[in-house]
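One structure is given here, and the rest of the page talks about it.
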Amino acid sequence: MPDDLDVSGGTTGVSTDDLEIAADQLGRLAREASALAAELSRLEPPALRSSAHVDQARVDIDVAAAHVRWVASRSALLHALLLTAGRGYVLTERAVGTAIRWYEATAARGLGDIAPALLAGSGAAGAFGVGAWLGIRAAGGLDGVMNKLFEKNGIPSAPSVVKQHNYLLNNSVTAAGVRALAQGAGPFLMGVAGAPPGAPQLLGARSYQTGAKGLIGLGQTLDLFEETGVKLVETTRLPGGAPPTDYVDRLARVPYEEDGSGPQVRIEKYAVAGEPDRYCVYITGTATFSPVATDQPWDLTSNLV
C-alpha cells in the first residue's frame, strides 16, 4: 500500500482512498481463501500403494487447508480494521471540521454584534463609509471600474511581488482563511442586523447562504452581482473512451481554458449490459472573477447565488 499520510502545506491529512482500496483487496482475498479452504477440505487423497502414504496425504491436505483458513481469517480481520480506521478518520475529520466551523461562526457573530456599537462610537468611520457609498453611487457604480480591472482573462494582473510569493496563495492556511471569511460573513451580517441566533436555520437557510445574499444585496446597490439568464449554446457528441481510473484521470477530464473559451461542461455516459447507464459530469471552474455579470455563466456572481 502507498504512503498512508499525505503531508502538504504544514498540515497532515489521512488519505482514505488507499485504505479503501487495500480493504477491498483484503476482502476479496478473504473470500477466495475461504472458498479454497473449503475445496481443500473436500479433497480426497489419491489411491496410493500404502495406507501410510494415504494418511500422510490427508495430513498434508489438512495442514494446507488450515494455513489457507488462517490466511482467510487474517485477511478478513485486516479488512474490517482498515474499514474501521478509514471510517474513523472520516468521522473524526467531520467532527473537528464541525467544531471549527461552529467556533468561527460564533466569533463572527460576536464581531457582528459589537460592530454597530464600534461604528457608532467612531463617527468618522461611519461618515467615511456612508460618504464612500454615496460617492460611488453618484459616479455610476463600480461596474465600469470592475470591467476594466478584469478585462484580461477575468483575473486582475498580479504584481511581481505576488508572483514571487505565489506559494502563499496556494497555502492551506490561505485556503482555510478564505473559507472562514466566506462562512463567517453570514453570522457577521446577522449580528450587525441584530437578528436572533439561529435565524438562518429558522428561515430554512444556512449561515453562508445568508452571508452570500447579504453581499449580493449590498453589491447590487453599487451595480454589482446582477445575475443574468443562462441558456445552452451548443452541444457536441464525441465517441466515448474508458472510464476514469483515479482522481488524476478525473481531474485531467475537467474542461479548462485559461481565457474561458471552449466547452465548460463535459458529460460522459457509460453503458454496462444488464445495468442502468452511469454518468460522470465534469464542470469547469470560475472563468472570470469579475463581480459584474456578463455572458459568462461561470463568474463570481454565480458563485454567490
Side-chain angles (χ1 to χ4, degrees), residues 1-100 172 237-256 265-283:
M1 183 172 63
D3 295 339
D4 295 339
L5 297 179
D6 296 333
V7 182
S8 63
T11 61
T12 301
V14 178
S15 176
T16 58
D17 290 341
D18 291 336
L19 295 179
E20 292 177 359
I21 292 173
D24 182 63
Q25 293 173 342
L26 286 168
R28 291 200 304 269
L29 176 59
R31 291 189 296 271
E32 293 174 2
S34 296
L36 179 57
E39 289 290 335
L40 287 172
S41 299
R42 292 191 295 267
L43 186 63
E44 290 294 335
L48 300 173
R49 289 179 294 179
S50 66
S51 60
H53 291 163
V54 174
D55 293 339
Q56 183 61 46
R58 287 197 177 96
V59 171
D60 292 341
I61 291 173
D62 291 340
V63 171
H67 282 297
V68 174
R69 280 194 293 268
W70 181 87
V71 171
S73 64
R74 296 294 293 179
S75 299
L77 175 61
L78 290 174
H79 167 77
L81 290 176
L82 287 180
L83 285 181
T84 302
R87 291 166 183 171
Y89 289 133
V90 172
L91 290 176
T92 301
E93 182 180 358
R94 290 177 179 175
V96 172
T98 300
I100 291 175
S172 60
R237 285 181 172 270
L238 298 173
T245 56
D246 53 25
Y247 70 91
V248 176
D249 195 3
R250 287 184 173 89
L251 288 175
R253 301 187 185 200
V254 175
Y256 171 75
V265 179
R266 174 175 178 172
I267 303 175
E268 294 184 355
K269 175 182 176 181
Y270 308 110
V272 179
E275 296 183 10
D277 292 337
R278 289 174 292 177
Y279 298 86
C280 282
V281 181
Y282 304 92
I283 302 175

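All values reported here derive from a predicted model rather than from experimental measurement.
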Determine, step by step, whether Glu20 and Asp24 satisfy the side-chain contact (heavy atoms from CB on, under 4.5 Å) criterion, reporting the C-alpha distance in whole Å, the side-chain angles of both residues, the deciding distance to 0.1 Å, and the verdict.
CA-CA 6 Å; Glu20 292 177 359; Asp24 182 63; over 6 Å; no
For Ile21 and Gln25, what are the C-alpha separation, side-chain angles and deciding distance, and is it a side-chain contact (heavy atoms from CB on, under 4.5 Å)?
CA-CA 6 Å; Ile21 292 173; Gln25 293 173 342; 3.9 Å; yes
Verdict with supporting geometry, Arg253 and Cys280, side-chain contact (heavy atoms from CB on, under 4.5 Å)
CA-CA 10 Å; Arg253 301 187 185 200; Cys280 282; over 6 Å; no
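Across all their heavy atoms, Ala22 and Leu82 have their closest contact at CB-CD1, 3.8 Å. Taking all atoms of both residues into account, the shortest heavy-atom contact from Glu268 to Pro244 is OE1-CD, 4.2 Å. Contact record, Arg250 with Tyr282: O-CE2, 3.5 Å, taken as the closest heavy-atom pair. Thr245 and Asp249 get closest at one heavy-atom pair: N-OD2, 3.3 Å. Among all heavy-atom pairs drawn from Pro243 and Tyr270, the shortest one is CA-CE2, 3.6 Å. Minimum interatomic distance between Ser75 and Leu29 (heavy atoms only, all atoms of both residues): OG-CD2, 3.3 Å.
To the nearest 0.5 Å, atoms CG (Leu40) and CZ (Arg69) are separated by 8.5 Å. Between atom CG of residue Leu251 and atom CG of residue Asp246 there is a gap of 9.0 Å, rounded to the nearest 0.5 Å. Note that CG of Leu78 is 11.0 Å distant from CG of Leu83, once rounded to the nearest 0.5 Å. Going from atom NE2 of His79 over to atom OG1 of Thr84 covers 9.0 Å, rounded to the nearest 0.5 Å.
Atom CZ of Arg87 has 12 or fewer neighbouring heavy atoms from other residues, nucleotides or ligands inside a 6.0 Å radius.
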Extract all donor-acceptor atom pairs below 3.5 Å that involve side chains of residues 59-68 and protein atoms in other chains or at least two apart in sequence.
unit_1	atom_1	unit_2	atom_2	d
Asp60	OD1	Gln56	NE2	2.9

